[in-house]
Structures are given as C-alpha cells and as structure tokens.
Amino acid sequence: MAFGWIDEQDRARREAGLARVLRPRQAASPLLDLASNDYLGLARHPEVVEGAASAARTWGGGATGSRLVTGTTALHAELERELADFCGFEAALVFSSGYAANLAAVTALAPHGSLVVSDAGNHASLIDGCRLARGTTQVVGHADPDAVRKALAAHGGPAVAVSDTVFSVDGDAAPLAGLAEACRAHGAGLIVDDAHGLGVLGDGGRGAVRGAGLAGCEDVVATVTLSKSLGAQGGAVLGPARVIAHLVNAARTFIFDTGLAPAAVGAALAALRLLGREPERAARARAVAATLHERLTAAGLDAVRPDAAVVSVRAPSPEGAVRWAADCRAAGLSVGCFRPPSVPDGISRLRLTARGDLSGEQIERAVRVIGDTRP
C-alpha cells in the first residue's frame with residue numbers, strides 16, 4: 001500500500017511519547033502565554049497591528065511574486081535599510097521566514113570545496129542549510145571555539161563556522177568572540193543566527209552580534225527572524241553589501257520564493273521603530289528571564305540559567321514532559337514542550353518564554369503552576 005510505512009512510524013512515535021498534534025488557539029485565549037516567541041509582547045501592540053493593516057491596505061494581501069520579479073516593494077527596501085542600521089550592518093536582505101534566511105546564508109556561502117563547521121546544538125534550519133550546502137559539513141562540540149579552531153586548521157580551502165547566538169533549547173549564548181577569533185585565525189567566515197538575540201541582547205535589543213562588537217565586520221554574517229521579538233513574520237540576512245548582493249544572485253530561497261507579505265513587512269517595521277524608541281523593553285525581557293529562573297530554582301525545579309529570554313526546565317522523560325505541559329495548560333498556563341528529536345541532548349524539557357510584558361503577579365502564577373504540576 002502506498003505510504004504504508006507511515007503507519008508503522010506513527011505507532012513508533014506514539015509508543016515513544018513523541019507524537020505531535022496541532023492545537024489551534026483562539027484569538028482571545030484565557031491561557032497565560034509562556035510558550036510563544038513574542039519576547040517583547042509586540043505581536044498585539046496597537047502600533048504593530050496598525051503597521052500590518054496599513055501595509056495591507058496600501059500594497060494588498062500578498063507580495064504577488066518573487067523578490068526579483070514583483071515581490072519587492074518600497075516597504076521591503078525601507079525595512080532592509082532600517083534593520084541593517086539598527087543592528088549595525090552594512091546591508092540586509094528580507095526573506096519570507098527565518099528558516100529561509102538560514103538556508104540562504106549557509107548554502108550560498110558554502111560552495112563546493114568549502115568546509116562548514118557546525119555547532120552540535122544548532123537550530124534545525126542551520127542544520128538543513130548545512131545538508132543542502134555543496135561544501136562538506138563537520139559537526140563539533142557545543143559552544144566550543146577550540147573545536148572550531150581544530151576543524152578549520154585541518155582544512156585548506158574556504159570555510160565558514162555556523163552557530164546560533166542564543167540556542168533555542170536551553171537559551172544559552174554562544175561564545176561569539178571566541179568563535180570569531182577561531183575563524184579569523186584561519187581566514188574563515190562566521191555565520192550566526194541571532195533569532196533569539198535580536199530585541200533581547202545588545203544595547204537596546206540590537207542583537208547579540210552587535211553586543212559582541214562583531215556587527216559590520218567583513219567576515220561576519222548574521223541572520224535574524226522577524227517573528228520573535230518583532231512580533232511579525234519573516235527573516236533577514238545581515239552582512240557586508242557584497243555578501244548581500246551575492247545572496248540576491250545565488251540564494252535559491254530568495255530567488256525562487258514569493259516575497260514576504262507586505263502586512264508582515266509593515267508589522268516588523270513598526271515593531272523595529274517602537275523598539276528604537278523604547279530600548280528598555282530588551283532589559284525588561286532579560287529581567288523577567290532572570291526572575292523566572294530564580295523562582296523556579298528556589299522551588300526545587302531543574303531550570304537552566306538563561307542568557308537571553310528562554311528559560312528551560314528539565315523533565316524526567318518525553319512522556320513526563322508532555323503530561324507536564326498538558327497539566328499546565330489545564331491550569332491556565334501555556335508552556336513549550338521540547339522532546340527528541342527537537343533536543344540535541346535527548347533531554348526533554350519545558351521551554352518558557354520570558355516575555356518582557358509579564359507582570360510580577362503573572363511570573364509568580366506561572367512558577368506556582370509549574371511547581372504544582374511537576375511529574
């Protein structure tokens with residue numbers, strides 16, 4: 001029977017407690033949200049919503065084509081200029097998603113004969129970029145600049161190192177200065193995904209790369225998403241103008257994909273301008289994360305100290321994590337639930353978003369629910 005093997009895989013997933021299901025949410029959910037990536041609470045901010053609505057009224061519901069045909073509006077160019085300036089890079093290129101941006105950066109900058117050195121804890125989009133790149137990929141230990149240095153030393157041709165700036169599972173930060181030093185010692189480029197750093201780290205939320213003093217460097221390329229701190233949708237690659245020009249001509253997820261919808265562009269641009277006026281939002285998100293970690297640890301839970309706005313709480317098993325998240329939901333709290341294969345270390349956990357708009361009462365409520373429902 002066609003696709004008969006799917007049934008066996010489904011049985012295996014269910015027996016292992018790894019089956020995933022969709023849960024459509026309502027517009028007015030009664031749940032306290034610690035699951036989304038809306039780090040600054042901007043997705044429903046009136047200015048961001050109006051930015052989306054105004055762009056849709058002006059430009060229509062869709063981009064109408066690929067960026068190189070009809071999918072580039074004046075609004076796209078405006079967002080690219082302001083995003084590059086905000087983050088401290090020479091140029092930017094907007095994509096339909098952060099996933100597409102990562103695929104573009106890695107595949108277009110790792111041609112045949114090159115080496116890609118990839119952190120073992122990287123996001124799936126970076127991993128898929130490595131798989132699709134024509135270069136050879138070598139996976140090295142997590143957050144280990146010495147391992148990157150050794151891998152580069154053994155290769156004689158062009159090379160890049162690839163890493164998240166903030167890893168999405170535990171929320172720990174990459175040693176960016178050490179990675180840059182290792183790359184420069186061997187003439188390699190550095191590609192970093194700042195999806196979880198933009199809006200949270202750096203001066204006024206300008207990102208982990210700018211915070212590390214690496215923004216604008218000729219050998220550093222960063223990717224970001226517009227769907228987390230900026231509360232919109234889409235992604236972008238930031239870097240030297242010549243690198244961005246190369247992506248326009250060589251990145252398949254740019255050339256052959258429909259451009260980002262104008263509404264998402266308008267929302268992201270409004271959020272970026274709002275963050276520029278209210279830089280304290282970034283510090284508030286970090287403070288909420290620190291408080292969550294402190295309260296969870298005091299309650300006897302195995303919480304990982306956050307470097308940005310992700311707080312991870314270890315669970316005893318995949319089944320235990322699923323049950324824990326379900327019990328939290330029943331008690332009015334929405335939390336993320338990460339299980340294999342989404343976690344590189346095989347350890348299941350709850351993943352909490354330390355949103356900058358959470359009140360002290362909401363933080364205490366979340367900690368109480370998580371503690372009361374622990375397996």
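Remember, it's a predicted structure, so these values are computed and weren't measured experimentally.
In this structure the side chain of L333 never reaches within 4.5 angstrom of the side chain of L31, judged on heavy atoms. Side-chain contact between L352 and V313 is present, with heavy atoms from C-beta onward closer than 4.5 Å. At least one side-chain heavy atom of R365 sits less than 4.5 Å from a side-chain heavy atom of L32. Two residues are said to be in side-chain contact when any heavy atoms from C-beta on lie closer than 4.5 Å; Y99 and T225 fail this criterion. With contacts defined as side-chain heavy-atom distances shorter than 4.5 Å, the pair P240/E90 qualifies. Residues P340 and S348 have side chains in contact (heavy-atom distance under 4.5 Å, counting atoms from C-beta outward). The side-chain heavy atoms of N122 and D119, taken from C-beta on, include a pair separated by under 4.5 Å. The shortest distance between side-chain heavy atoms of V322 and R20 does not fall below 4.5 Å.
In plain terms, the two heavy atoms of A185 and R149 that are nearest each other are CB-NH1, 3.7 Å. Nearest heavy-atom pair, A161 versus C183, reported as atom, atom and distance to 0.1 Å: CB-SG, 3.5 Å. The minimum heavy-atom distance linking T253 with A100 is given by the pair OG1-O, 2.9 Å. Shown here for A91 and A84, the closest heavy-atom pair between the two residues is C-CB, 3.7 Å. For the pair A182 and V148, the tightest heavy-atom approach, listed with the atom from each and the gap, is CB-CG1, 4.3 Å. Taking all atoms of both residues into account, the shortest heavy-atom contact from S114 to P111 is OG-O, 2.5 Å.
The main-chain N or O of P158 is found under 3.5 Å from a side-chain atom of H155 such that the two form a donor-acceptor pair. A donor-acceptor distance shorter than 3.5 angstrom exists from the side chain of R351 to the backbone of S168, with no hydrogens or angles considered. For the pair N249 (side chain) and A245 (backbone), a donor-acceptor distance under 3.5 Å is present. Proximity of a side-chain donor or acceptor of H246 to a complementary backbone N or O of A108 within less than 3.5 Å is detected. One N or O on the side chain of Q362 and one on the backbone of S359 form a donor-acceptor pair closer than 3.5 Å.
Considering only residues two or more places apart in sequence or on other chains, E15 meets the salt bridge (charged side-chain N to carboxylate O under 4.0 Å, His left out) condition with none of them.
Taking CG from L34 and CZ from R355, the interatomic distance works out to 6.5 Å, rounded to the nearest 0.5 Å. Annotation: the span from F86 atom CZ to L230 atom CG amounts to 8.0 Å, rounded to 0.5 Å. Here the OG atom belonging to S334 is positioned 9.0 Å from the CZ atom belonging to R23, to the nearest 0.5 angstrom. Interatomic distance, L296 CG to R374 CZ, rounded to the nearest 0.5 Å: 9.5 Å. Between L292 atom CG and T353 atom OG1 the span is 9.5 Å, to the nearest 0.5 Å. The OG atom of S66 sits 8.5 Å away from atom CG of D257, with the distance rounded to the nearest 0.5 Å.
No option in V49, V48, D357 other than V48 meets the side chain to side chain contact (heavy atoms under 4.5 Å, CB included) test with L42. Partner of T165 under the side-chain hydrogen bond (donor to acceptor under 3.5 Å, both in side chains) criterion, chosen from D193, T223, D194, D307: D194.
Apart from F254 itself, the hydrophobic cluster it occupies contains L68, L93, F95, V106, L109, V116, L126, V160, V162, I191, V221, V237, V243, I244, L247, V248, I255, F256, where clustering links Ile, Leu, Val, Met, Phe, Trp and Tyr at side-chain heavy-atom distances under 4.5 Å. Side-chain contacts under 4.5 Å among hydrophobic residues (ILVMFWY), followed directly or transitively, place L22 with no other residue at all.
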Decide yes or no on side-chain contact (heavy atoms from CB on, under 4.5 Å) for R252 and T107, but give the supporting numbers first. CA-CA 9 Å; R252 294 174 66 84; T107 57; over 6 Å; no

Using the side-chain contact (heavy atoms from CB on, under 4.5 Å) rule, take R286 and L201 through it: C-alpha gap first, then chi angles, then the decisive distance, then the call. CA-CA 8 Å; R286 297 194 302 270; L201 299 180; 3.8 Å; yes

Before you tell me yes or no, could you show the steps for R57 and E50 under salt bridge (Lys or Arg N to Asp or Glu O under 4.0 Å), namely the whole-Å CA-CA distance, both residues' side-chain angles and the distance that decides it to 0.1 Å? CA-CA 10 Å; R57 286 192 296 266; E50 177 54 31; 2.6 Å; yes

From CA spacing to verdict: side-chain contact (heavy atoms from CB on, under 4.5 Å), C87, V209: CA-CA 8 Å; C87 296; V209 186; over 6 Å; no

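Salt-bridge formation is detected for the pair D219/R184: a Lys NZ or Arg NE/NH1/NH2 atom is positioned less than 4.0 Å from an Asp or Glu carboxylate oxygen. Ion pairing between a basic and an acidic side chain is recognised when a charged N comes within 4.0 Å of a carboxylate O; K150 and D146 show no such pairing. A salt bridge links R242 to E218: one of the charged nitrogens lies within less than 4.0 Å of a carboxylate oxygen. Salt-bridge formation is detected for the pair R281/E278: a Lys NZ or Arg NE/NH1/NH2 atom is positioned less than 4.0 Å from an Asp or Glu carboxylate oxygen. The pair R67-E80 counts as a salt bridge, with a side-chain nitrogen and a carboxylate oxygen less than 4.0 angstrom apart.
Sorted by first then second residue, the side chain to side chain donor-acceptor pair (under 3.5 Å) pairs that include residues 258-268, not counting sequence neighbours, number zero. The stretch residues 155-173 participates, sequence neighbours left out, in these salt bridge (charged side-chain N to carboxylate O under 4.0 Å, His left out) pairs: D170-R314, D170-R349.
With 3.5 Å as the limit, one finds a donor-acceptor pair spanning the side chains of T373 and W324. Residues S36 and D33 have side chains that bring a donor and an acceptor to within less than 3.5 angstrom of each other.
Cluster annotation: V169 and V310 are assigned to distinct hydrophobic clusters (Ile/Leu/Val/Met/Phe/Trp/Tyr, side-chain heavy-atom contacts under 4.5 Å, transitive). L301 and V367 end up in the same hydrophobic cluster when Ile, Leu, Val, Met, Phe, Trp and Tyr side chains are linked at under 4.5 Å. Tracing side-chain contacts under 4.5 Å through hydrophobic residues (I, L, V, M, F, W, Y), one never reaches V304 starting from F338; they form parts of separate clusters. Cluster annotation: V288 is not connected to Y39 through the hydrophobic network of ILVMFWY side chains, with a link wherever side-chain heavy atoms come within less than 4.5 Å. By the rule that hydrophobic residues join a cluster once side-chain heavy atoms approach within less than 4.5 Å of another member, W59 and L226 end up as members of one cluster.
A distance of 6.0 Å or more separates the ring centres of F167 and H123.
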Could you list the donor-acceptor pairs under 3.5 angstrom formed between side-chain atoms of residues 259-277 and any protein atom two or more places apart in sequence or on another chain?
{"unit_1": "R273", "atom_1": "NE", "unit_2": "E82", "atom_2": "OE1", "d": "3.1"}
{"unit_1": "R273", "atom_1": "NE", "unit_2": "E82", "atom_2": "OE2", "d": "3.3"}
{"unit_1": "R273", "atom_1": "NH2", "unit_2": "E78", "atom_2": "OE2", "d": "2.6"}
{"unit_1": "R273", "atom_1": "NH2", "unit_2": "E82", "atom_2": "OE2", "d": "2.7"}
{"unit_1": "R277", "atom_1": "NH2", "unit_2": "E47", "atom_2": "OE1", "d": "2.8"}
{"unit_1": "R277", "atom_1": "NH2", "unit_2": "E47", "atom_2": "OE2", "d": "2.9"}

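Taking a 6.0 Å sphere around CD of Q26, one finds it holds 12 or fewer heavy atoms contributed by other residues, nucleotides or ligands. With a 6.0 Å radius and a threshold of 12 heavy atoms from other residues, nucleotides or ligands, R14 has its CZ atom at or below the threshold.
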